[in-house]
Amino acid sequence: MRWSKLFIPTLREDPADAEVISHKLLVRAGYIRQLGAGIYNYLFLAQRSINKIIAIIRQEMDAIGAQEMYLPGLNPAEVWQESGRWDVMGQNMFRLKDRFQRDLCLGMTHEEVMTAIARGELRSYKQLPQIWYQIQTKFRDEPRPKSGLLRVRQFIMKDSYTFDMDAGGLDRAYDLHYQAYCKIFDRCGLEYTSVEAHSGSMGGSQSREFMVRCEAGEDYVVLGPKSGYSANLEMAVSNPVPAAAPDPDGELAPEEFHTPGRKTIAEVAAFTGLPETSQIKSLVMTSDGKPALCLLRGDHQLSETKLTGVLGAGEVRPAHPEEIRDWFGAGAGSLGPVGVSNMRVLADTALQGRRNMICGANRDDYHLRNVTPGKDFQCQWADLRQVAAGETHRETGETLEVHKTVEIGHIFKLGYKYSESMGLRVLDESGKEVTPIMGSYGIGVERILSSAVELYHDKDGIVLPAAIAPFDVVVTPVNNADAAQREAAGRIYAECKAAGLDALLDDRDERPGVKFKDADLIGIPYRITVGKKLAGGQVELVERKGKKSQDVAVDGAAEAVRGMVAL
RNA sequence: CGGGGCGUAGCGCAGCCUGGUAGCGCACCUGCCUUGGGCGCAGGGGGUCGUGAGUUCGAAUCUCGCCGCCCCGACCA
């Protein structure tokens with residue numbers, strides 16, 4: 001294509017409202033423009049890149065026998081009510097009414113619709129297994145869209161769904177997807193890791209996330225490079241660092257002491273001269289209107305995900321100050337488990353075996369010392385703690401790392417949640433009605449693009465892997481007014497196209513600096529510069545990554561690029 | 001949902017405090033010039049100052065409402 005005819009609106013300056021690097025560069029390089037909060041126009045370059053990503057996904061999905069479909073983005077409420085997720089999804093689901101006041105929503109994912117298809121059509125074990133997928137726009141009303149294409153309200157997702165007769169079949173489907181996803185992300189040129197993950201509102205047992213490490217990410221993963229441990233922070237387990245001070249000896253009795261104005265763990269630590277690890281942190285959480293007192297070592301963080309799992313309840317939230325006052329007769333900051341009998345008391349296992357610790361006295365401005373779990377209060381033990389960097393792997397003792405990541409893919413073993421609730425049944429060999437077992441598997445298409453930009457860029461712009469770059473090569477005559485350069489560039493461009501490359505001819509009447517800057521910014525992997533060396537039959541082949549340059553013969557230029565792109 | 005910031009030409013910004021007919025850089029158009037890293041010179045076009053109301057002789061500027069966007073927080077008491 002000829003650059004002079006294309007719409008590639010590059011910007012000299014960073015857009016004012018962009019914060020993360022991929023957002024700045026995608027806007028500057030003319031890939032995207034914002035339409036509203038978390039809503040983006042994908043311009044020509046983004047669309048080309050996305051098309052390449054989708055083509056890779058399609059090939060690898062088809063390779064595992066998946067069948068592509070296209071389901072509606074607009075869904076009637078009924079299917080979501082059947083699965084129970086009409087309520088579960090809460091504010092995150094876009095909802096609307098039609099002219100007859102019927103409830104509809106915009107699909108966030110398509111378990112319900114896929115299951116609805118399956119239950120209407122699948123009758124026999126002979127029809128299983130099935131792998132169905134689509135590449136479709138999803139809508140999620142994010143409370144806070146941000147970071148360019150990384151957290152948006154409308155995005156493209158490849159989502160697939162599997163139906164199997166038994167757990168063994170699901171294992172195979174899950175494994176096929178795992179392998180396919182690795183191939184897809186490898187081919188897209190991404191560096192990624194897969195981690196054990198939490199299933200969230202999807203339901204189901206096992207799941208793994210595919211994550212790209214970068215600063216702009218909002219998910220945290222815990223990695224043990226040597227042991228190979230990898231888990232989402234929500235799921236991760238570890239051994240905590242030891243307490244900073246030994247507990248006092250003896251069977252001491254709890255003793256109240258005055259702590260005026262000391263509310264936080266840090267304030268109490270400073271006041272008592274004892275480390276945070278000597279305190280019991282008391283957090284009041286509620287779910288389904290019922291309170292629970294959660295106890296942790298002073299320096300530890302509560303994992304809401306783990307707590308939700310332990311409570312087996314719906315949404316968990318911190319109690320409001322008024323609720324706390326009602327239940328405890330004291331404000332947050334002076335709370336503790338001693339004498340609490342009106343709610344569940346859960347204690348993190350890191351407190352097991354500890355004694356004579358400090359906690360709030362349930363009386364404003366007072367704390368208790370010499371409090372021993374199990375003796376001075378009863379509790380249910382559970383893993384409630386969120387892992388932190390520097391803690392150690394449970395088996396190997398290796399120090400664990402915590403990294404920010406972006407989730408680009410997620411595979412779930414759903415189990416029977418949807419097939420059961422929506423009434424999907426088939427007959428087995430013996431004529432008995434059985435419920436198929438399901439899996440679901442997603443890939444965030446734009447996130448592949450934006451995380452690639454996060455991963456691969458330099459001061460001059462984007463450095464996309466060739467597989468997902470909008471063009472493979474740009475042919476740039478230094479002076480397009482020079483007939484010899486213009487002709488040679490045109491010829492090389494034609495040869496590139498004939499060689500199967502996605503080629504771009506920069507035939508704009510611009511100074512060379514402008515053309516070089518633009519080519520660097522948008523991240524075309526190779527540039528053939530036709531300039532003064534043309535007199536000697538040579539042109540320059542420059543690799544965007546690392547700016548390595550070599551002189552090649554005019555006649556061999558296209559072939560040289562073709563060899564490097566490795567189609 | 002809480003807090004903060006911003007909204008003036010396509011983009012980035014100044015002007016607002018202290019009210020008096022809207023400006024800079026880039027981009028764009030025309031001409032000349034130039035051609036190996038966002039050239040140079042000259043001329044030119046483009047803005048209901050987010051929106052509605054109010055104060056005033058007069059509002060981009062002051063007051064109030066609304067809308068939009070960005071950032072921080074929304075469990076760690």
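Every chain is numbered from 1 and lettered A, B, ... according to where its sequence line falls, protein lines coming before strand lines.
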Base of [N], side chain of [X] - is there a donor-acceptor contact under 3.5 Å?
X	N	result
A/Arg28	B/G38	yes
A/Asp518	B/G38	yes
A/Asn479	B/G36	no
A/Glu13	B/G38	no
A/Glu540	B/G36	yes

**Message:** I want to confirm an ordering. Mapping A/Ile265 and A/Ala16 to their closest nucleotides on RNA chain B, which one lands closer to the 5' end?
**Reply:** A/Ala16

**Message:** Using heavy-atom distances to pick each residue's nearest nucleotide on RNA chain B, tell me which of A/Ala319 and A/Gly38 is more 5'.
**Reply:** A/Gly38

Hey, does [X] reach any base, or is it just sugar-phosphate, or nothing, if we go heavy atoms under 4.0 Å?
X	result
A/Asp520	base
A/Pro512	base
A/Leu296	nothing
A/Arg144	base
A/Ser282	base
A/Asn480	nothing
A/Arg527	base

Using Watson-Crick or G-U wobble geometry with both distances under 3.5 Å, which nucleotide pairs with [N]?
N	value
B/G37	none
B/C26	B/G10
B/C17	none
B/C64	B/G52

Separation between the [atom1] atoms of [N] and [M], rounded to whole Å:
N	M	atom1	value
B/G19	B/C49	C1'	15 Å
B/A60	B/A14	C1'	12 Å
B/C69	B/G50	C1'	10 Å
B/A59	B/G20	P	11 Å
B/U21	B/C16	P	14 Å
B/A74	B/G37	P	50 Å
B/C28	B/G46	C1'	9 Å
B/U34	B/C41	C1'	11 Å

Would you mind reading off the distance between [X] atom [atom1] and [N] atom [atom2], rounded to a whole angstrom?
X	N	atom1	atom2	answer
A/Lys517	B/C39	NZ	P	10 Å
A/Lys24	B/C70	NZ	C1'	13 Å
A/Ile280	B/A77	CD1	P	15 Å
A/Arg12	B/C28	CZ	P	9 Å
A/Tyr220	B/C75	OH	C1'	14 Å
A/Asp17	B/C11	CG	P	10 Å
A/Gln91	B/A74	CD	P	19 Å
A/Lys146	B/G4	NZ	P	19 Å

**Prompt:** Does a nitrogen or oxygen in the side chain of A/Gln34 sit under 4.0 Å from OP1 or OP2 of B/G68?
**Reply:** no

**Message:** On the six-membered ring of A/Phe155, is A/Arg447 placed so that its NZ or CZ lies under 6.0 angstrom from the centre and within 45° of the ring axis?
**Reply:** no

**Asked** Would A/Arg153 and A/Asp141 pass as an ion pair if we require N to O under 4.0 Å?
**Response** yes

Got a list of protein N/O to nucleotides 6-10 of chain B N/O distances below 3.5 Å?
none

**Prompt:** For A/Lys290, does the NZ atom sit with more than 12 other heavy atoms under 6.0 Å from it, leaving out its own atoms?
**Reply:** no

**Request:** Answer yes or no: are there more than 12 heavy-atom neighbours, outside A/Arg213 itself, under 6.0 Å from its atom CZ?
**Result:** no

**Message:** Quick one, A/Phe44 and A/Leu6 - any side-chain contact, counting heavy atoms below 4.5 Å?
**Reply:** yes

**side-chain contact (heavy atoms from CB on, under 4.5 Å) partner of A/Ile492, chosen from A/Leu505, A/Val473, A/Val539** = A/Val539

Quick one: does any side-chain atom of [X] pair with a main-chain N or O of [Y] as donor and acceptor, under 3.5 Å?
X	Y	answer
A/Arg140	A/Phe94	no
A/Arg508	A/Arg2	no
A/Asp520	A/Asp460	no

Donor-acceptor contacts, no H, no angles, side chain residues 549-558 of chain A, under 3.5 Å, sequence neighbours left out:
residue  : atom : partner  : partner atom : Å
A/Asp551 : OD1  : A/Lys533 : NZ           : 3.2

**Request:** When you get a sec, tell me which of B/C75, B/A77, B/G36 is the closest nucleotide to the side chain of A/Lys281?
**Result:** B/A77

**Item:** Closest to the A/Pro143 side chain, choosing from B/A74, B/A77, B/G38
**Value:** B/A74

